[in-house]
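Working notes, beginning with the structure itself.
Just so you know, these numbers use all the heavy atoms, side chains as well, and skip hydrogens, waters and symmetry mates.
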Amino acid sequence: MTIATVISALTVLPGCTPNPARPTASTVTAGPARELSPAEQGRVDQAEQRLIQRCMADKGFRYWVFPRVDADTFRAFTYRFVQDDVEWSREHGYGERLRQAFFEAKKRDRNLSYQKGLSPTERDRYTTALQGGRDTPMLSAPLPSGGTVRSPGGGCTHSARNELYGDAEAFFRADKVATDLTGVYVPKVMRDPRFTGAMKAWSRCMRDLTGGSYADSDAARADVRKRAAGFGASQARAIEADIAVADATCARRTSLRGIFSRLDREYGDPVRERYADEIATRNRMKLAALRRADHIGAPD
């Protein structure tokens, strides 16, 4: 399992200046704020899509709201590290079929075909309406783990986020720092002897259950793809489920989740404390967006 994979997996929904501009008092409430649940985040995301739809209609364009991602598909994308739920693994394997179905649905997104059907001039107008034109300033934030992330700061996407979060630029900076922190400390977790020892125990368990030699879950997934190649969908899913169930079983037997959680607190808590203001700002703005989301009607 590569460090990049773990960092990507722990970054649930995606980084960021250490001192972002503070939203106004009318935007967020003071004090600590919890993180949104996946279902709550889904409501906010859908509200953002509906606001974009209305804004695009005002500019003379159609825009379709992408269906909400169900809980199992969300999990398939975001629970990629310690997966010790044997029953879920028995039903969904590593979630490959769920991820493929999601990407197939994205390929059929009506917004893509609609945009392709526009004339070149109208297509430029559409892009400008959606995210701003060539002269639109880019939002930019340095990541705590290194590098910089940028995003267009205009169009209906930006105005929708302004309406939801109160200050799209402040939210962008706070959100990026809060979701990038794993990149600061997870490499240390991966090198810790307690973690590497647990992974060796997991690997021995996998050898006993499957006969395969896997250093980590990435290797097991790669072997699933190799084994399943050439088989029909039903048999391929059975192969995936067998390996995934063994993976989850071994994760339980070796207490991999508990070990990782302890190391996450040990290495991660000081980092989260360093960026506590950004995390609190992000969470408060998301809660404010959730309250607003419930007052935004259904898509047209």
side-chain hydrogen bond (donor to acceptor under 3.5 Å, both in side chains) assessment of Asp109 paired with Tyr114:
CA-CA 9 Å; Asp109 186 350; Tyr114 174 76; over 6 Å; no
Would you call Leu181 and Pro144 a side-chain contact if the rule is heavy atoms closer than 4.5 Å?
yes
Do other residues, nucleotides or ligands put more than 12 heavy atoms under 6.0 Å from the CG atom of Asp135?
no
Atom of Asn162, atom of Ala168 and distance for their closest heavy-atom approach
OD1-N, 2.8 Å
Cationic N near anionic O, under 4.0 Å, Arg252 to Asp84:
no
Tell me, do Ile243 and Arg227 make a side-chain contact under 4.5 Å, heavy atoms counted?
yes
When rounded to the nearest 0.5 angstrom, what distance separates CZ in Phe61 from SG in Cys55?
11.0 Å
Do Met199 and Thr254 make a side-chain contact, defined as non-hydrogen atoms from C-beta onward lying under 4.5 Å apart?
no
Glu35 vs Lys286, test: salt bridge (charged side-chain N to carboxylate O under 4.0 Å, His left out). Steps then yes/no.
CA-CA 8 Å; Glu35 294 188 17; Lys286 281 196 171 190; over 6 Å; no
Taking Glu169 first and then Arg173, would you say they form a salt bridge - that is, a charged N and a carboxylate O separated by under 4.0 Å?
yes
Does Glu240 pair with Arg237 as a salt bridge, N-O distance under 4.0 Å?
no
Can you find a heavy atom in the side chain of Cys156 that is under 4.5 Å from one in the side chain of Lys59?
yes
Counting C-beta onward and ignoring hydrogens, is there a side-chain heavy-atom pair between Arg90 and Trp88 closer than 4.5 Å?
no
Residues Arg257 and Val82: closest non-hydrogen pair is NH2-O, 2.5 Å
Rounded distance (nearest 0.5 Å) linking atom CZ of Arg272 with atom CD1 of Ile279
7.0 Å
Hydrophobic clusters here meaning ILVMFWY residues chained together by side-chain heavy-atom distances under 4.5 Å, can you tell me if Leu118 and Tyr63 are in one?
yes
hydrophobic_cluster_shared for Met206 and Ile239, side chain cutoff 4.5 Å:
no
Indicate yes or no for a side-chain donor-acceptor contact from Ser255 to the backbone of Gly258 under 3.5 Å, with no hydrogens or angles considered.
no
Examine distances only and state if a side-chain atom of Thr157 and a backbone atom of Leu130 form a donor-acceptor pair shorter than 3.5 Å.
yes
Where Ser145 and Gly183 come nearest, the two heavy atoms and their spacing
CB-C, 3.7 Å
If you draw the axis of the six-membered ring of Phe66, does the NZ or CZ of Lys106 fall within 45° of it and under 6.0 Å from the ring centre?
yes
Which heavy-atom pair separates Phe77 from Phe103 by the least distance, and what is that distance?
CE2-CZ, 3.7 Å
Where do Gln83 and Tyr94 land on the side-chain hydrogen bond (donor to acceptor under 3.5 Å, both in side chains) test, with the steps shown first?
CA-CA 9 Å; Gln83 170 55 280; Tyr94 284 114; over 6 Å; no
Tell me, with the steps shown, if Thr249 and Leu209 meet side chain to side chain contact (heavy atoms under 4.5 Å, CB included).
CA-CA 9 Å; Thr249 300; Leu209 293 184; 4.1 Å; yes
Any chain of hydrophobic side-chain contacts (each under 4.5 Å) joining Val245 to Trp202?
no
Check Gly153 against Leu139 and note the closest heavy-atom contact, atom names and distance.
CA-CG, 3.9 Å
Rounded to the nearest 0.5 Å, what separation is found between the CG atom of Asp264 and the CG atom of Asp269?
7.5 Å
Once rounded to the nearest 0.5 Å, what's the spacing between atom CG of Asp124 and atom CD of Glu122?
9.5 Å
Can you list the steps and then say if Asp72 with Arg75 is a salt bridge (charged side-chain N to carboxylate O under 4.0 Å, His left out)?
CA-CA 5 Å; Asp72 284 326; Arg75 186 171 185 175; 5.6 Å; no
Atom CZ in Arg134, atom OG1 in Thr128: separation rounded to 0.5 Å?
7.0 Å
Are Asp167 and Met285 side-chain neighbours, meaning at least one heavy-atom pair lies under 4.5 Å?
yes
In terms of hydrophobic clustering (I, L, V, M, F, W, Y; side-chain heavy atoms under 4.5 Å; direct or indirect links), are Leu287 and Leu51 co-clustered?
yes
Can Tyr214 and Asp223 be counted as having a side-chain donor-acceptor contact under 3.5 angstrom?
yes
Under the criterion salt bridge (charged side-chain N to carboxylate O under 4.0 Å, His left out), I'd like the reasoning laid out for Arg282 against Asp277: C-alpha separation, chi angles, the key distance, then a yes or no.
CA-CA 9 Å; Arg282 187 275 306 268; Asp277 287 347; over 6 Å; no
Is a side-chain donor-acceptor pair under 3.5 Å present for Gln41 with Asp45?
yes
I'd like to know if Leu98 and Phe102 are part of one continuous hydrophobic network [Ile/Leu/Val/Met/Phe/Trp/Tyr, side-chain heavy atoms within less than 4.5 Å].
no
Any side-chain heavy-atom pair of Thr281 and Phe171 under 4.5 Å:
no
Any chance you could lay out the side-chain hydrogen bond (donor to acceptor under 3.5 Å, both in side chains) test for Asn111 and Gln115, step after step, and finish with the verdict?
CA-CA 6 Å; Asn111 294 303; Gln115 187 176 5; over 6 Å; no
Decide side-chain hydrogen bond (donor to acceptor under 3.5 Å, both in side chains) for Asp175 and Tyr165; before the verdict, give the C-alpha distance in whole Å, the side-chain angles of both, and the deciding distance to 0.1 Å.
CA-CA 11 Å; Asp175 182 55; Tyr165 297 105; over 6 Å; no
Does Ile296 form a side chain to side chain contact (heavy atoms under 4.5 Å, CB included) with Arg54? I'd like the steps, not just the answer.
CA-CA 11 Å; Ile296 297 172; Arg54 295 173 188 176; 3.8 Å; yes
Between Thr127 (side chain only) and Arg123 (backbone N and O only), is there a donor and an acceptor less than 3.5 Å apart?
yes
When rounded to the nearest 0.5 angstrom, what is the spacing between CD in Glu104 and CZ in Arg99?
14.0 Å
Is the side chain of Arg194 donor-acceptor paired with the backbone N or O of Leu263 at a distance under 3.5 Å, no angle test?
no
Check ion pair Lys188-Glu266 (N to O, under 4.0 angstrom):
no
Considering all heavy atoms of both residues, which atom of Ser89 and which atom of Ala248 are nearest to each other, and what is their separation?
OG-CB, 3.7 Å
Worked verdict on Met56 versus Tyr126 for side chain to side chain contact (heavy atoms under 4.5 Å, CB included):
CA-CA 8 Å; Met56 292 294 283; Tyr126 177 94; 3.5 Å; yes
Does Thr136 reach the main-chain N or O of Gly133 with its side chain, forming a donor-acceptor pair under 3.5 Å?
yes
Carefully, step by step, assess Phe260 and Leu256 under the rule side chain to side chain contact (heavy atoms under 4.5 Å, CB included).
CA-CA 6 Å; Phe260 187 87; Leu256 194 58; 5.7 Å; no
Note, Glu48 side chain near Arg161 side chain (heavy atom, < 4.5 Å):
yes
Do Asp70 and Thr73 pair up side chain to side chain, a donor and an acceptor below 3.5 Å, judged on atom types alone?
yes
